[in-house]
Every structure is written in structure tokens, then in C-alpha cells.
**Q** 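Shown below is the structure under consideration.
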Amino acid sequence: MADEELVDQKKYFEDSCKPKCVKPLLEYQACVKRIQGDETGHKHCTGQYFDYWSCVDACVAPKLFTKLK
């Protein structure tokens with residue numbers, strides 16, 4: 001068992017879930033484009049970023065927890 005290469009299942013599940021979270025991704029990308037010229041540093045897209053990853057995590061969690069030992 002020590003010779004087995006462990007594979008991170010979370011990365012695999014994230015890649016399979018990303019297509020299901022297109023709307024939050026597009027909202028994040030639109031925000032990034034909208035604030036691109038901001039020189040002040042006050043504008044950010046943190047909310048949209050976390051919305052996207054929350055969507056991915058919500059999709060991944062049920063699949064991942066069934067695979068954990």
C-alpha cells in the first residue's frame with residue numbers, strides 16, 4: 001500500500017463540477033472586466049469569486065465525502 005500513488009480526488013471532482021457553475025463564473029469574469037482599469041484598488045470581485053467557488057464546492061462535497069476513507 002505504501003507504493004501506491006495517491007490521487008487527489010477533489011481536483012478531479014472540481015474539474016467535473018466547474019461546467020455546472022457557469023453562471024457564477026460569468027458573473028466573476030464580468031466583474032473582473034468591469035474593474036480592470038481601477039487604479040485606486042477599492043473595487044474588487046471577492047464576492048463573485050466566492051460565489052463561484054461556493055457553487056463548485058457544493059457540487060463537489062457530496063461526491064467527495066463518499067470517496068473518503
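It should be emphasised that the depicted structure is a prediction, and the values quoted were computed from it without experimental measurement. The analysis underlying the following values was restricted to heavy atoms, covering all of them including side chains, and did not include hydrogens, waters or symmetry mates.
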**Q** Check step by step if disulfide bond (SG atoms under 2.5 Å apart) holds for Cys55 and Cys17.
**A** CA-CA 9 Å; Cys55 176; Cys17 283; over 6 Å; no
**Q** To the nearest 0.5 angstrom, please state how far the OG1 atom of Thr66 sits from the CZ atom of Phe13.
**A** 6.0 Å
**Q** Closest approach of Leu64 and Gln9, non-hydrogen atoms and distance?
**A** CD1-CB, 4.0 Å
**Q** So, taking the atom named OG1 in Thr46 and the one named CG in Asp51, what distance separates them when rounded to the nearest 0.5 Å?
**A** 10.5 Å
**Q** Establish whether Tyr52 and Val22 are linked, either directly or via other cluster members, by ILVMFWY side-chain heavy-atom contacts under 4.5 Å.
**A** no
**Q** Under the side-chain hydrogen bond (donor to acceptor under 3.5 Å, both in side chains) test, which residues partner Lys10, sequence neighbours left out?
**A** Glu14
**Q** Asp15: what forms a side chain to side chain contact (heavy atoms under 4.5 Å, CB included) with it, not counting sequence neighbours?
**A** Lys11, Lys18
**Q** Linking I/L/V/M/F/W/Y whenever their side-chain heavy atoms sit closer than 4.5 Å, directly or via other members, would Val32 and Phe50 fall into one cluster?
**A** yes
**Q** Tell me every residue that passes side chain to side chain contact (heavy atoms under 4.5 Å, CB included) with Ser54, counting only those two or more places apart in sequence or in another chain.
**A** none
**Q** Can you list every pair that meets side chain to side chain donor-acceptor pair (under 3.5 Å) and has a residue in residues 23-33, with sequence neighbours left out?
**A** none
**Q** Looking at Pro24 and Cys21, what are the two nearest heavy atoms and their distance?
**A** CD-O, 3.3 Å
**Q** What residues, two or more places apart in sequence or in another chain, satisfy side-chain hydrogen bond (donor to acceptor under 3.5 Å, both in side chains) together with Asp38?
**A** Thr40
**Q** How many angstroms lie between atom NZ of Lys43 and atom SG of Cys31, to the nearest 0.5 angstrom?
**A** 9.5 Å
**Q** Residues in side-chain hydrogen bond (donor to acceptor under 3.5 Å, both in side chains) with Gln48, at least two apart?
**A** none
**Q** If Ile, Leu, Val, Met, Phe, Trp and Tyr residues are connected whenever their side-chain heavy atoms lie under 4.5 Å apart, and connections chain through other members, are Leu26 and Tyr49 in the same group?
**A** no
